[in-house]
Amino acid sequence: MLNRNDAPAFRPIDGLHIIQPEKHQLPNGISLFVINGGNEDLVRMEWIFDNAGFDLQKPLLNLAVSGMLLEGNRVYTAAQLAEKIDFYGAFLQPEFSADHTSLALYSLNRHLPQLLPLVKEVLTGSVFPQKELDTYIRNHKQKLQVSLRKNDFVARRTFNSYLFGRSPYGYVPLMEDYDQLAREDLLNTYHRNLISSNCTILLSGKVNDHMIERIRQIFGDEWPATTTTLEIEKPDLSVPTATLLYEERAGALQSAIRLGNQAIQRNHPDFPALQFVNTLLGGYFGSRLMTNIREDKGYTYGIGSGIASLKYAAFFTIATEVGVDVTAATLAEIEKEINALRTEPVKSDELELVRNYMLGSLLGSLENIFSHADKFKQLYFSGLDAGYYQRYSAVIKAMTAEDVHNIANKYLNYDRMVKVVIGKL
Amino acid sequence: MLHKNWLSSISEAKKNYLCLHSIKFTCMIHFSRFTLANGLRFLVHEDAATPMAVLNILYDVGARDEDPEKTGFAHLFEHLMFGGSVHIPQFDTPLQRVGGENNAFTSNDITNYYISLPAVNLETAFWLESDRMLSLAFSEKSLETQRQVVSEEFKQRYLNQPYGDVWLKLRPLAYQVHPYQWATIGKELAHIEDASMTDVKAFFHKHYLPTNAIVVVAGNVKVEEVKLLAEKWFGPIPFAPKPDRLLPAEPEQISARRQIVQADVPLKSLYIAFHIPGRLDPAYYTIDLITDLFSRGQSSRLYRHLVKDLGIFTEIHAYQLGSLDPGLFVIEGKPAPQVPLEDAEAAIWQELESLKSELVPDEELQKVKNKIESTLIFSQMNIMEKAMSLAFYELLGDGSQINQEAGHYLAVSNASIQEQARQIFRKENSSTLIYLPLQHA
């Protein structure tokens with residue numbers, strides 16, 4: 001007789017193997033990291049630049065430069081460039097974070113030789129035509145108008161901006177910032193930041209020597225080294241006092257809630273343990289916040305928590321959208337859950353659950369060769385070595401109730417969190 | 001599509017780096033197929049490159065199968081599938097305990113459940129999925145909670161953000177008879193709030209049957225191993241005939257429809273929907289390529305002409321719903337400030353007219369086909385994507401058709417594009433929905 005009551009035997013999760021990159025130094029000083037693997041004849045190539053020169057008077061510049069990289073250069077107009085990229089079946093995407101400006105190219109191997117010179121023009125010869133700038137401003141102002149009517153968008157902005165103040169991490173674009181954008185400023189920012197000495201290249205996929213040779217030629221030999229070195233100044237990040245920021249929205253059916261605080265970065269020894277506690281609290285479907293606030297009370301479609309590690313800072317957040325009538329009740333439940341972590345020992349059953357979930361999730365996150373590149377990128381820009389994920393797994397495997405208790409008391413304190421409510425309270 | 005699970009926007013782990021548009025198909029996927037005595041079909045795709053395994057179950061039931069007075073039910077039911085089954089009080093916990101995770105979605109046509117877990121623990125997925133196909137626990141508490149969760153989902157996605165209710169308006173405008181006239185979430189909150197346990201049980205017994213499901217197992221698995229597990233866990237579930245589906249066909253639309261909504265939105269917004277054939281019609285591929293010509297990539301026609309060159313729109317998109325029964329081709333856009341709505345609408349029609357009167361140049365057609373080809377190769381990199389596609393093609397009639405899709409796209413000619421454009425882009429085949437911002441005094 002088949003026993004359906006008991007779960008089949010569990011087998012331990014191991015076999016984590018992260019592919020390490022091969023490093024090449026180009027003649028102009030650029031580091032090229034190659035993560036080679038996969039069965040398909042395709043690659044992803046990323047050019048990554050540190051953001052320098054955040055200017056409080058003109059805070060939108062770095063973002064706008066990134067957003068306009070494909071809008072025309074000395075050789076190709078925006079239309080010509082788009083036509084070529086699409087014709088080769090490629091995807092060329094500028095990506096922006098507070099720390100980095102980058103350009104990602106997804107291409108079939110056989111089209112890469114045609115695409116590399118185009119990318120070179122984008123990185124060295126962009127001209128930011130006034131007409132395209134006008135279009136960029138108009139379109140982004142419209143988008144912003146729509147986003148500002150979404151409570152969760154406003155909650156995120158309010159939270160970031162209070163937590164990190166007048167720094168690149170706290171900056172949120174305002175309508176008037178778009179009006180202030182000037183072509184001259186974009187050009188200056190572009191020429192200051194997108195230089196070879198500020199560039200790191202990552203190439204992942206089924207890579208061959210011929211490809212590397214071409215890259216060395218185009219982005220090494222033919223891209224002069226710069227004599228100036230960029231100063232990436234550490235932003236002034238004071239820790240703000242805990243407060244409740246509440247914005248009432250007439251007619252709201254739901255309130256967006258966001259709360260949290262500055263946290264430790266990935267390179268801090270406690271980071272894996274804090275990640276464990278975060279997962280337990282709100283980092284997966286079975287988390288305490290989800291179980292209590294969604295699955296037991298039905299206050300929300302979802303609630304979650306996470307830690308974001310940036311170059312000079314990090315933050316912990318809990319976010320949700322809940323019915324307006326249960327906004328206060330949700331905050332009370334969140335407080336209860338955080339306090340429970342600080343006062344009551346976690347049972348071994350739950351420790352085991354979180355542990356296995358996290359190990360499985362780590363294994364599953366290495367889905368293809370690009371995921372290996374993502375893992376490396378994360379470590380590289382956090383200044384961590386290849387042994388990190390072994391250490392991370394070891395911490396996850398060894399977490400005890402006492403560890404959870406200590407970490408929760410050290411890093412999570414409801415009273416000291418910044419709380420944002422957009423909607424009704 | 002509506003998902004069971006809210007995917008946290010603040011979790012740093014999941015970043016969709018590909019940003020490819022909807023992945024349309026995959027190619028050269030080898031698989032084996034077998035059917036149990038109770039009628040349950042299995043497709044197995046071996047891929048040893050990953051340490052993970054995927055178990056995907058597609059149930060042939062969606063919002064189109066709902067009672068018009070009890071809409072939103074298929075989706076609510078999907079949530080209840082996680083509220084415990086006959087022998088297992090809780091679905092998620094035992095799965096997470098072996099390192100797995102899961103999610104599910106409901107569309108107007110299908111309900112699809114998927115599990116991803118370390119391949120060494122594959123049997124846990126069989127244990128969980130077979131028990132809830134055998135029978136749910138039908139817990140009152142779960143029904144009570146999920147009614148509330150889905151009501152909050154309704155508010156979050158459809159009511160509490162600008163333009164969120166567009167599909168609650170556009171569907172009934174375009175469909176007057178066919179059940180596609182309601183969205184997966186349902187017509188109104190009241191339908192969800194009124195759902196009873198009697199409804200839940202009836203829905204389960206009618207639709208959640210071995211004959212009405214397709215299972216795909218993919219990843220680091222072996223066919224023989226999957227066969228044994230399938231017999232062991234799903235074999236004992238009794239046979240019941242596949243339910244009949246008799247849906248009313250939407251009659252041909254004979255005059256243009258138009259609805260203007262004054263709403264609390266910041267900008268005016270325009271949606272035009274046209275009736276098109278269903279997913280199995282040979283014209284599907286041609287129509288799909290038309291959406292690519294119009295709005296895929298920065299060199300696409302509508303983006304290039306109407307956003308960049310003429311500055312009439314600040315954003316514009318064209319897509320089709322890909323539904324099994326005759327579907328919709330939709331163009332949506334937000335006109336630039338100062339541009340009168342009539343001008344914006346006329347500009348779209350001018351693009352449609354030009355596709356009807358002039359053949360697409362060969363090079364432009366080649367361009368969208370090239371993009372299809374590379375998308376296809378990139379999509380090979382994800383086992384979950386492959387498993388879901390296989391299940392969907394099997395539902396369409398034959399999983400192996402997945403390997404023919406590229407050929408169908410490549411065979412599209414500029415003459416067939418013109419023919420479809422003439423057939424589809426007619427005023428009398430259109431439903432136009434317009435949002436105008438409320439003028440505050």
Side-chain angles (χ1 to χ4, degrees), chain A residues 2 4-5 7-8 10-11 13 15 39-40 42 70 79 82-83 86-91 93 106 108 135 138-139 142 145-146 149-151 252-254 283-286 294-296 298 300-302 304 306 308 317 319 321-323 352-353 356-357 359-361 363-365 367-368 370 374, chain B residues 5-6 8-13 17 19-20 49-52 87 92-94 96-101 116-118 120-121 123-124 127 131 145 148-149 152-153 155-156 159-162 232 236 264 266-267 297-299 304 308 311 314-315 334 336 367 370-371 373-374 377-378 380-382:
Chain A
L2 184 60
R4 288 190 184 271
N5 291 305
F10 160 73
R11 294 198 220 155
I13 301 155
N39 297 320
E40 282 76 36
L42 49 82
L70 306 183
E83 198 65 45
D86 285 341
F87 191 82
Y88 291 121
F91 301 84
Q93 298 156 352
Y106 295 84
L108 299 184
T135 304
R138 188 196 64 202
N139 293 357
Q142 293 258 86
Q145 268 181 276
V146 175
R149 300 292 281 275
K150 298 179 182 174
N151 293 349
L253 296 174
Q254 284 190 319
Y284 74 123
F285 191 79
R294 174 178 141 142
E295 292 297 291
D296 183 52
T300 179
Y301 178 39
T317 34
E321 287 174 80
V322 301
E352 210 50 31
L353 175 62
N356 292 340
Y357 169 76
L359 294 172
S361 176
L363 197 64
S365 71
E367 175 168 65
N368 56 43
F370 299 159
D374 290 338
Chain B
N5 189 348
W6 177 80
S8 170
S9 57
I10 51 172
S11 117
E12 58 174 337
Y17 44 80
C19 287
L20 303 176
T50 166
M52 304 293 284
H87 297 97
D92 290 280
T93 310
Q96 289 156 352
R97 194 176 296 286
V98 300
E101 45 191 339
S116 162
L117 78 177
V120 289
N121 289 319
E123 186 160 9
T124 302
W127 171 63
D131 202 52
T145 307
Q148 289 182 42
V149 168
E152 292 305 324
E153 182 179 359
K155 293 180 204 163
Q156 183 174 327
L159 305 178
N160 206 40
Q161 56 171 307
K232 176 178 174 183
D264 189 17
L267 310 165
Q298 298 206 354
S299 73
R304 186 49 51 196
K308 297 302 288 282
T314 57
E315 56 178 286
K334 294 199 171 60
K367 178 183 75 180
N370 289 349
K371 203 94 183 190
E373 185 206 4
S374 65
I377 300 175
F378 273 97
Q380 295 272 34
M381 302 180 80
N382 180 319

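Bear in mind that the values here come from a model prediction, so they are computed numbers and not experimental data. Numbered from 1 within each chain, the chains take letters A, B, ... in sequence-line order.
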Closest contact, heavy atoms only, [X] versus [Y]:
{"X": "A/G298", "Y": "B/V149", "result": "CA-CG2, 3.9 Å"}
{"X": "A/N368", "Y": "B/M381", "result": "ND2-O, 3.3 Å"}
{"X": "A/Q142", "Y": "B/K334", "result": "NE2-O, 4.5 Å"}
{"X": "A/D86", "Y": "B/S299", "result": "OD2-OG, 2.6 Å"}
{"X": "B/P118", "Y": "A/G360", "result": "CG-CA, 4.1 Å"}

Working for side-chain contact (heavy atoms from CB on, under 4.5 Å), residues A/Y106 and B/S374: CA-CA 9 Å; A/Y106 295 84; B/S374 65; over 6 Å; no
Per-residue contact mode, [X] against chain A (heavy atom under 4.5 angstrom):
{"X": "B/L117", "value": "neither"}
{"X": "B/N382", "value": "both"}
{"X": "B/T93", "value": "both"}
{"X": "B/E153", "value": "both"}
{"X": "B/D131", "value": "both"}

A/E83: side chain to side chain donor-acceptor pair (under 3.5 Å) partners, not counting sequence neighbours: B/K367
Geometric class of the B/F378/A/F370 ring pair [parallel <30°, tilted 30-60°, perpendicular >60°]: tilted
What part of [X] gets within 4.5 angstrom of chain B, counting heavy atoms only: side chain, backbone, both, or neither?
{"X": "A/N151", "result": "side chain"}
{"X": "A/T135", "result": "side chain"}
{"X": "A/L42", "result": "side chain"}
{"X": "A/L359", "result": "neither"}

Check: B/M52 and A/L363 side chains under 4.5 Å, non-hydrogen atoms: yes
Residue pair B/S116 / A/E367, side-chain heavy-atom distance below 4.5 Å: no
Spacing of CD belonging to B/Q156 relative to CD belonging to A/E321, to within rounding of 0.5 Å: 4.0 Å
Heavy-atom pair count under 4.5 Å with chain A, highest-scoring of [options]:
{"options": "B/T124, B/L159, B/T314", "value": "B/T314"}
{"options": "B/G100, B/A49, B/G311", "value": "B/G311"}
{"options": "B/R304, B/K232, B/E123", "value": "B/R304"}

Axial cation check for A/Y301 ring with B/K155, 6.0 Å and 45° limits: no
Exam field: side chain B/N160 to backbone A/L253, donor-acceptor pair closer than 3.5 Å: yes
Sidechain-backbone polar pair: B/N370 side chain, A/F87 backbone, donor-acceptor under 3.5 Å: yes
A/R11 atom CZ, neighbour heavy-atom count above 12 within 6.0 Å: no
Top contributor to chain B interface from A/G89, A/G286, A/S365 [non-hydrogen pairs under 4.5 Å]: A/G89
A/Y357 and its side-chain hydrogen bond (donor to acceptor under 3.5 Å, both in side chains) partner, picked from B/E101, B/R97, B/Q96: B/E101
A/Q254-B/E152 side chain donor-acceptor pair, cut-off 3.5 Å: yes
